Trainee: 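The structure that follows is given in the form of structure tokens.
Letters go in sequence order (proteins before strands), and every chain restarts at 1. Bear in mind that the values here come from a model prediction, so they are computed numbers and not experimental data.
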2 protein chains.
Amino acid sequence: MFPTREDVHGIKRLEVLREAAASFNFKGYHATSMNEIAASLGVTKAALYHYFPNKNSLLAACFDHAMDAAFASMERARKEGRNGRERLVLTMSYYVAQLINELNCCVVLMEDKALEPEDQAKLVRQRDRFERALRSFIREGIDDGSVVPCDPKLAVFVILGAMNWVPKWFKPSGAWKPDQLNAALAQMFERLVSSSPVAAMASDVGELPSSAGPPLSLSSLGLRGHGARVTKIAKKTDKKVKVGGRR
Amino acid sequence: MFPTREDVHGIKRLEVLREAAASFNFKGYHATSMNEIAASLGVTKAALYHYFPNKNSLLAACFDHAMDAAFASMERARKEGRNGRERLVLTMSYYVAQLINELNCCVVLMEDKALEPEDQAKLVRQRDRFERALRSFIREGIDDGSVVPCDPKLAVFVILGAMNWVPKWFKPSGAWKPDQLNAALAQMFERLVSSSPVAAMASDVGELPSSAGPPLSLSSLGLRGHGARVTKIAKKTDKKVKVGGRR
DNA sequence: TGCCTAACTAACCGGACGGTTAGCAAACCG
DNA sequence: CGGTTTGCTAACCGTCCGGTTAGTTAGGCA
């Protein structure tokens, strides 16, 4: 027996979650009806209630997933980054990569007010912990000289804002490939906080590596770039997809 | 007769709009009921329909207001800015200042999918025009040397993301005053795109000018900062308000 | 004073949506 | 094969919400 029954259940459950996450991201939680989610999956509304007890738990599961990805990314970045700045940028990079891969979209961090009080409290606790950790990366970076002196709270807000805005304009099926988005965002964040910002950035996201070597290796991100141009790599790759990356 | 009847009507209408904008911003459009808006204003739901034909037109009016502010800010910045970077940063600065003053909150640019098709089309047209103009500020800046070579589209997305995230953590009644927020954001954006980024930023937003001189003069923003620190100005001002600037 | 209109309320309507229930068909298990 | 569980559907229920309507109050104006 290849897939046991519980396996199938788990897989379908994840499929429901992905569809819900995509819809919540696209139209918003309250504007998405259970009927719509079900119809997108080719089932009826009642079927969804075999996998989630109610609509709100679906939203809570989205947030859970996102926060898990966030902390996993941070752990990985903590090990691999060699200073505060690298850890900060890598965290964001791994995070967006993971969310784009696992859910078909990326972030969901809006709509937190739609959660039940207990779920909301849990999310707030986790998110605060995450943001505090990001801020400490900044402080760490200021101390080790990799980050420019700045207000850590504000810097983190600006970066998170740019992150959470991504779903509004980026579609994995668009002209920019996920890896390019990722590299470009990292370059931006890098420049925002670096004590020695790069003197030039990719003048076209299409010029950034689409999937070169080990995903998101430090070198491919152009970290430690300083004066050297990082553009002109992988020129003219992946320009075929025409489905608009925007609207 | 001090206020004519039409004046009163207009004032009350604006009051309705402010309340609606605040609620939409805080809980989201679909999560806000007409009853709630009315109750916050001390009237009944039906009263609202004397000022707006339906709920959706309320949302459309919010977007209209925001886009008007955006274009007005851009026009002002176009005249006052001396190069592409200054025009870009000033646009954002004036924009957030105007929205915080007029509506009690700032931006609303999410929830565009909740608009009626025709309103949505109008918004999309306006927003595209605005974003294209911002991108051309970037290109202009790259040409005149004030902006680092980069992908204009991505840079604008990052900046807009940071802007539109502001309502999630900033409250005008919080510990950070609007002017401080404004100066700090400008400093961040400045650094993000400048061809010669400042070597250090305010390490605490509280250190930034709260309301010094003509609002948002270029000098007070630390534009053209380069190597000189702009912190330590107006130290220890406005630290009294205790209402949390977050949550 | 008396009329008219603007401003507002109380009560109601229809529809949509979250969630439930009953039942059916297939798969699993002895 | 027979009984039980699982996965799902069709139909339904209660509630909430956007919007309407009828009616009341108050101010402007002759």
Side-chain angles (χ1 to χ4, degrees), chain A residues 1-21 23-24 26-63 111 113-120, chain B residues 1-21 23-24 26-63 111 113-120:
Chain A
M1 36 25 177
F2 271 10
T4 152
R5 209 141 81 184
E6 283 174 2
D7 286 347
V8 173
H9 189 88
I11 291 171
K12 287 190 181 178
R13 199 186 122 102
L14 187 61
E15 211 55 39
V16 172
L17 190 67
R18 288 167 60 110
E19 184 61 41
S23 288
F24 292 165
F26 184 68
K27 317 179 44 172
Y29 174 75
H30 293 285
T32 304
S33 75
M34 292 298 268
N35 257 326
E36 287 171 348
I37 299 175
S40 299
L41 294 164
V43 295
T44 60
K45 176 176 59 168
L48 303 183
Y49 289 85
H50 280 258
Y51 302 98
F52 294 89
N54 52 50
K55 188 187 180 186
N56 213 276
S57 71
L58 252 174
L59 183 63
C62 290
F63 277 110
E111 303 262 25
K113 306 220 179 41
L115 287 168
E116 292 296 319
E118 48 197 22
D119 292 328
Q120 160 135 2
Chain B
M1 34 31 176
F2 271 10
T4 152
R5 212 145 75 187
E6 283 173 3
D7 287 347
V8 173
H9 189 87
I11 292 171
K12 287 190 181 177
R13 198 186 125 102
L14 186 61
E15 212 55 41
V16 172
L17 189 68
R18 289 167 58 109
E19 184 60 41
S23 287
F24 293 163
F26 183 68
K27 318 178 46 172
Y29 174 74
H30 293 285
T32 303
S33 75
M34 293 296 270
N35 256 325
E36 287 172 347
I37 299 175
S40 299
L41 294 164
V43 295
T44 61
K45 176 177 58 167
L48 303 183
Y49 288 86
H50 279 258
Y51 301 98
F52 293 90
N54 52 49
K55 188 186 179 186
N56 215 277
S57 72
L58 252 172
L59 184 63
C62 290
F63 278 109
E111 302 261 25
K113 306 222 177 39
L115 287 170
E116 292 294 319
E118 48 197 24
D119 292 329
Q120 159 134 2

Trainee: Could you state the atom-to-atom distance from CD of B:E116 to C1' of D:dG18 in whole Å?
Mentor: 12 Å
Trainee: For A:K27, give me all partners under side-chain contact (heavy atoms from CB on, under 4.5 Å), at least two apart in sequence or on another chain.
Mentor: A:A31, A:T32, A:E36
Trainee: Rounded to whole Å, how long is the line connecting atom CD1 of B:I37 with atom C1' of D:dG19?
Mentor: 14 Å
Trainee: Of all of residues 45-55 of chain B, which get a heavy atom below 4.0 angstrom from DNA chain C, listed by number?
Mentor: B:A46, B:A47, B:H50, B:Y51
Trainee: Restricting to side-chain contact (heavy atoms from CB on, under 4.5 Å), what partner residues turn up for B:N56, sequence neighbours left out?
Mentor: B:Y29, B:N54, B:L115, B:E116, B:D119
Trainee: Given atom CE of A:M34 and atom P of C:dA16, what is their separation to the nearest angstrom?
Mentor: 18 Å
Trainee: For A:K12, what residues pass the side-chain contact (heavy atoms from CB on, under 4.5 Å) criterion, not counting sequence neighbours?
Mentor: A:V8, A:Y51
Trainee: Rounded to whole angstrom units, what separation is found between the CG atom of B:L41 and the P atom of C:dA7?
Mentor: 15 Å
Trainee: Rounded to the nearest Å, what distance is computed from the CG atom of residue B:N56 to the P atom of nucleotide D:dG19?
Mentor: 8 Å
Trainee: Can a side chain N or O of B:H9 be found less than 4.0 Å away from OP1 or OP2 on C:dA7?
Mentor: yes
Trainee: What is the distance, rounded to the nearest whole Å, between atom NZ of A:K27 and atom P of C:dC17?
Mentor: 9 Å
Trainee: Considering heavy-atom distances to DNA chain C, does B:K12 or A:Y29 have its closest nucleotide positioned more toward the 5' end?
Mentor: B:K12
Trainee: How do B:N35 and A:G42 order along DNA chain D: which one's closest nucleotide is nearer the 5' end?
Mentor: A:G42
Trainee: Under 4.5 Å between any side-chain heavy atoms of A:F26 and B:K113, yes or no?
Mentor: yes
Trainee: Have a look at B:L48 and tell me which of B:M34, B:E19, B:K55 forms a side chain to side chain contact (heavy atoms under 4.5 Å, CB included) with it.
Mentor: B:M34
Trainee: Restricting to non-hydrogen atoms, name the atom on A:I37 and the atom on A:A20 that form the minimum distance, rounded to 0.1 Å.
Mentor: CD1-CB, 4.0 Å
Trainee: Round to the nearest Å and state the distance from B:L58 atom CG to D:dC17 atom P.
Mentor: 16 Å
